[in-house]
Amino acid sequence: MNLRDLKYLVALADHRHFGRAAAACFVSQPTLSTQIRKLEDELGVTLVERSPRKIMLTPTGQQVAERARRIVGDVEQMKEVARRSQDPEAGVVRLGLFPTLGPYLLPHVVPSIRRRFQQLELLLIEDKSDQLLARLRDGRLDAALLALPVHDEQMHAEPLFEEPFVLAVPEGHPLAARTTITLDALADQRLLLLEDGHCLRDQALDVCHLAGAAEKSGFQGTSLETLRQMVAANVGVTLLPMLAVQPPVAQSPDIRLIGFADPQPPSRRIAMVWRRSSAIAGFLQTLAQPFAALPPALLRMPSQD
C-alpha cells in the first residue's frame, strides 16, 4: 500500500468512473484499475462493485476511501507547511464560496488580494453551503466563506462582515414609492425564494417568519439572477443581499430597492471558516483580512437616481 494507490482510490470515490478517475490522476485506466485490484488483494476485501456502466464503492470501500482521503489530505498539508516555512504567503489555497455571495463579493476583494499576496495561487470553488462544509471536513477545501452560524466544533469561524438584505419590488408595486420599510410591511407579501439547498433560501424564510410573510407558491428560483428577472417581470417581490445590488451589478429600471429601517434589520453574517486542525490556520487568519475590510459603502443602500 502506498500514497499513490490511496490517491487512486480517492479519485475513484469522487468520480465513480474508472476512466474519469484515471484522467484526474494522469494515468491510464488499466493502470488505475490494476492498482485498485492490488489494494483490494492487500486488504483482503472488495472495495469496488464493478458493472459495465458504473461503479460503486462497497460499504467497506466507502470507509477505506474516507480514511484514504484524510491521509492524502494530511500529507498535502505537510507539504504545504514545508512550502510556507520558506514563503508564508506562497502556495495554493482552495477557497469555497456559495453562489449568492461569490460573484458579488469577489470583484471587490480579489484585486487587493492579488496585490497583497502576489505569490499566492487562490483556487475558488463555488458550491452550496452544505457541500462546502463537506469539502472542508474531508480536506478538499482549505477554507470557505459561509453564513453564520456554522454548527461544527471542528471548525473555526472568523467573522468578516454583516450584509443587510434589501427588498426588491417591481416598479409599479404599492411599496415601490417608499425608500424604507419595516419588517411588518411584509406581513401580507408572498416572496419569491430560491430552491432548496441555498442558504439564502433559509435566511429569507427566517425573515418571512419574523415578518409574518410567506413564500410565493409554484416557483423556486435557481439563482439570484432568476429572482431578479422575475421581479422585473412583475411576478413578485424578493429579498436580495446588499452586495448583489452594488456596482458592477447593473440596476434594472423595472426594479425598486427598499431598505429596512428596523432597529435590527434583516441581514446575514459572513465568516471565513476553516478546520481548527488546519496546518495553515495562521495564514488563513491573514487571508481573511481583505475580506473583512470591505468599504462600508458596499453594505449601504446604493443610489437609485
Side-chain angles (χ1 to χ4, degrees), residues 97-110 124 126-129 132 145-147 161-183 185-211 213-262 265-270 294-295 297-305:
L97 307 98
F98 54 93
T100 61
L101 176 69
Y104 312 105
L105 172 64
L106 292 176
H108 303 292
V109 295
V110 167
L124 302 170
E126 186 177 272
D127 210 336
K128 293 179 180 178
S129 295
L132 294 178
L145 298 188
L146 297 169
F161 56 85
E162 188 157 353
E163 182 182 19
F165 290 124
V166 298
L167 183 69
V169 304
E171 181 65 31
H173 192 274
L175 294 175
R178 301 179 61 173
T179 56
T180 62
I181 58 170
T182 53
L183 279 171
L186 300 182
D188 59 349
Q189 299 295 321
R190 298 293 181 265
L191 272 66
L192 300 166
L193 301 182
L194 291 172
E195 63 187 0
D196 290 337
H198 288 276
C199 64
L200 181 58
R201 172 183 173 81
D202 298 331
Q203 295 153 4
L205 282 172
D206 288 343
V207 174
C208 288
H209 294 153
L210 283 173
E215 179 180 5
K216 188 176 181 66
S217 61
F219 171 82
Q220 289 187 355
T222 56
S223 70
L224 273 189
E225 298 315 305
T226 301
L227 294 185
R228 203 191 307 266
Q229 293 304 317
M230 296 298 284
V231 173
N234 200 26
V235 174
V237 305
T238 196
L239 290 173
L240 294 175
M242 188 67 77
L243 289 174
V245 299
Q246 300 287 2
V249 179
Q251 293 192 34
S252 169
D254 300 317
I255 296 177
R256 298 300 295 175
L257 303 174
I258 308 170
F260 288 90
D262 300 87
S267 63
R268 62 183 183 184
R269 293 180 298 141
I270 305 299
L294 281 179
L298 289 175
L299 300 175
R300 295 196 293 263
M301 280 287 292
S303 171
Q304 297 185 80
D305 297 335

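The first residue of the sequence shown is numbered 1, and numbering continues consecutively from there. What you see is a predicted model, and the numbers here were worked out from it, not measured in a lab.
The main-chain N or O of Leu243 is found under 3.5 Å from a side-chain atom of Glu163 such that the two form a donor-acceptor pair.
Qualifying side-chain contact (heavy atoms from CB on, under 4.5 Å) partners for Val110, counting only residues two or more places apart in sequence or in other chains: Leu106, Arg114. By the side-chain contact (heavy atoms from CB on, under 4.5 Å) test, Glu171 is found to be paired with Arg256, residues two or more places apart in sequence or in another chain being considered. In this view, Thr180 satisfies the side chain to side chain donor-acceptor pair (under 3.5 Å) rule with no residue, not counting sequence neighbours.
Distance CG/Leu145 to CG/Leu132: 9.0 Å, rounded to 0.5 Å. How far CG of Leu183 is from CG of Asp262: 4.0 Å, rounded to the nearest 0.5 Å. One distance of note links SG of Cys199 with CG of Leu101; it measures 8.0 Å at 0.5 Å rounding. A distance of 8.5 Å separates CG in Leu227 from CE in Met230, rounded to the nearest 0.5 Å.
Contact of the Leu224 side chain with the Pro241 side chain is registered, since non-hydrogen atoms from C-beta on lie closer than 4.5 Å. For the pair Leu205 and Leu191, the minimum side-chain heavy-atom distance is 4.5 Å or more. By the 4.5 Å heavy-atom criterion applied to side chains, Leu175 and Gln189 are counted as neighbours. Using a 4.5 Å heavy-atom cutoff, the side chains of Leu186 and Ile181 are in contact. Residues Ile258 and Thr179 are not in side-chain contact: their nearest non-hydrogen atoms beyond the backbone lie 4.5 Å or more apart.
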Working note: Thr222 + Leu194, criterion side chain to side chain contact (heavy atoms under 4.5 Å, CB included); need CA distance, chi angles, decisive distance, verdict.
CA-CA 6 Å; Thr222 56; Leu194 291 172; over 6 Å; no
Stepwise side chain to side chain contact (heavy atoms under 4.5 Å, CB included) check, Leu239 with Leu200:
CA-CA 9 Å; Leu239 290 173; Leu200 181 58; 5.9 Å; no
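Between the side chains of Glu162 and Ser267, at least one donor N or O sits under 3.5 Å from an acceptor N or O. Side chains of Arg268 and Thr100: a donor-acceptor N/O pair is present below 3.5 angstrom, by distance only.
For the salt bridge (Lys or Arg N to Asp or Glu O under 4.0 Å) condition, no pair includes a residue of residues 235-250, sequence neighbours left out. Applying the salt bridge (Lys or Arg N to Asp or Glu O under 4.0 Å) rule to pairs touching residues 238-248 yields nothing, sequence neighbours excluded. Here side chain to side chain donor-acceptor pair (under 3.5 Å) pairs that include residues 228-255, with residues two or more places apart or in two chains, are Glu225-Arg228.
Between Pro302 and Leu257, the closest heavy-atom pair is CG-CD1, 4.3 Å. For the residue pair Gln203 and Ala147, the shortest heavy atom distance occurs at NE2-CB, 3.1 Å. Counting all heavy atoms, side chain and backbone alike, Phe98 lies closest to Leu146 at CE2-CA, 3.7 Å. Leu298 approaches Met242 most closely through the heavy-atom pair O-CG, 3.4 Å. Phe165 and Phe260 make their closest contact through O-CD1, 3.4 Å (heavy atoms, listed as atom of the first residue, atom of the second, distance). The minimum heavy-atom distance linking Pro247 with His108 is given by the pair O-CE1, 3.1 Å.
Of the candidates Val231, Val245, Ile255, Leu167, Val245 is the only one forming a side chain to side chain contact (heavy atoms under 4.5 Å, CB included) with Leu240.
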